[in-house]
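Heavy atoms only: backbone and side chains are in, while hydrogens, waters and symmetry mates are out. Here the structure is a predicted model, which means the values were calculated and not measured.
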Amino acid sequence: MEETRAKLIGAGRKAFAEKGFAAASMDELTAEVGLTRGALYHNFGDKRGLMAAVVDQIDTAMALKAQAAGKKAGGGWEGLMAEGAAYIEMALQPEVQRIVLLDGPAILGDPAQWPSQNRCLQSTIETLRKLASNGQIKPVDIEALARLLNGVALNAALWVAASDDARTTLPKAIAAFECLASGALNTFRNNEGKVS
């Protein structure tokens, strides 16, 4: 059963990336991997269910890549900013653009309700709790801050994906994300009274 699911997700991913959700044929998709429409319906319920599984797979991989960028940046606040920038930058990838950022919200609704986005939210909450315990961020509700930071990164990625010139939009989106996020940082005064 897992092998069948994996085949269908792989075929769905290819079809949705190449043709988009609306134009992808379930008969062609299933035939390509030697399965029937019945296998699709048994495993995913319908075409929308397959789309949800494909989006979950890609978005989960995006989150893992973003987290790896955060670890490479040393974690903490810098890591959180690197995660957000990496997530936004993935909007340049054609598969991510079409499946996750363009068709995904149109077919599956609000991305904030997707399981993959909720897993990402939990990771952001964990990072923010550590930053709060060290006094690095302002005293604000952690879940609210995590939801808003993740929302800013997601909306920046949506903007990049929908842009006529994604490569020109990308640095603007990342700079704005970092600017907005920096409002959460606590500022400290050194012995000379200067803000650092």
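Val100 approaches Pro105 most closely through the heavy-atom pair O-CD, 3.1 Å. Between Lys19 and Ala24, the closest heavy-atom pair is CB-N, 4.2 Å. Summarising the geometry of Ile88 relative to Ala173, their closest heavy-atom pair is CG2-CB, 4.1 Å, with the distance given to 0.1 Å. When all heavy atoms of Lys47 and Phe21 are compared, the pair lying nearest together is NZ-O, 2.7 Å. Contact between Ala112 and Asn118 at its shortest, heavy atoms only, is O-OD1, 3.4 Å. The shortest non-hydrogen separation linking Ala69 to Ala82 is O-CB, 3.7 Å.
Between the Lys130 side chain and the Gly76 main chain, no donor and acceptor come within less than 3.5 Å of each other. Judged by distance alone, with hydrogens and angles left aside, the side-chain atoms of Asn43 form no donor-acceptor pair with the main-chain N or O of Arg5 at under 3.5 Å.
Counting heavy atoms from C-beta outward, Asp103 and Arg98 have side chains that approach closer than 4.5 Å. Using a 4.5 Å heavy-atom cutoff, the side chains of Leu50 and Phe16 are in contact. Looking at heavy atoms from C-beta onward, Ile142 lies in side-chain contact with Ile137 at the 4.5 angstrom threshold. Counting heavy atoms from C-beta outward, Leu128 and Leu80 have side chains that approach closer than 4.5 Å.
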### Message
Could you walk me through whether Gln122 and Glu126 satisfy the side-chain contact (heavy atoms from CB on, under 4.5 Å) test, starting with their C-alpha distance in whole Å, then the side-chain angles of each, then the deciding distance to 0.1 Å, before giving a yes or no?
### Response
CA-CA 6 Å; Gln122 295 310 311; Glu126 184 181 320; over 6 Å; no
### Query
After noting the C-alpha distance and the side-chain angles of Gln67 and Leu64, does the key distance pass the side-chain contact (heavy atoms from CB on, under 4.5 Å) rule?
CA-CA 5 Å; Gln67 288 168 6; Leu64 292 173; 3.9 Å; yes
### Task
Could you walk me through whether Ile9 and Val54 pass side-chain contact (heavy atoms from CB on, under 4.5 Å), step by step?
CA-CA 6 Å; Ile9 290 171; Val54 169; 4.1 Å; yes
### Query
Between Phe44 and Met51, is a side-chain contact (heavy atoms from CB on, under 4.5 Å) present by the stated rule, with each step listed?
CA-CA 9 Å; Phe44 301 104; Met51 177 67 163; over 6 Å; no
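Cluster annotation: Met90 and Trp114 are assigned to the same hydrophobic cluster (Ile/Leu/Val/Met/Phe/Trp/Tyr, side-chain heavy-atom contacts under 4.5 Å, transitive). Linking ILVMFWY residues whenever their side-chain heavy atoms come closer than 4.5 Å, directly or via other members, places Leu108 and Met26 in the same cluster. Put simply, Leu121 and Val55 are part of two different groups of oily side chains (I, L, V, M, F, W, Y) that touch within less than 4.5 Å, one to the next. A single hydrophobic cluster is seen to contain both Leu8 and Tyr41, as judged by linkage of ILVMFWY side chains at heavy-atom distances under 4.5 Å, directly or through other members. Residue Trp159 is not grouped with residue Ile99 when hydrophobic side chains (ILVMFWY) are merged at heavy-atom distances under 4.5 angstrom, including chains of intermediate members.
Atom CG of Leu101 and atom CG of Leu154 lie 7.0 Å apart (nearest 0.5 Å). Atom OH of residue Tyr87 and atom CG of residue Asp59 lie 4.0 Å apart, to the nearest 0.5 angstrom. Taken from CE in Met62 to CD in Gln57, the straight-line distance is 13.0 Å, to the nearest 0.5 Å. In this structure, CG on Leu102 lies 11.0 Å from CD1 on Ile107, to the nearest 0.5 angstrom. The line from CG of Asn150 to OG1 of Thr124 is 3.5 Å long, rounded to the nearest 0.5 Å. Taken to the nearest 0.5 Å, the CG atom of Leu40 stands 9.5 Å off from the CG atom of Leu35.
Considering Arg119, Lys65, Gln117 as possible partners of Thr60, the one that fulfils the side chain to side chain contact (heavy atoms under 4.5 Å, CB included) test is Arg119.
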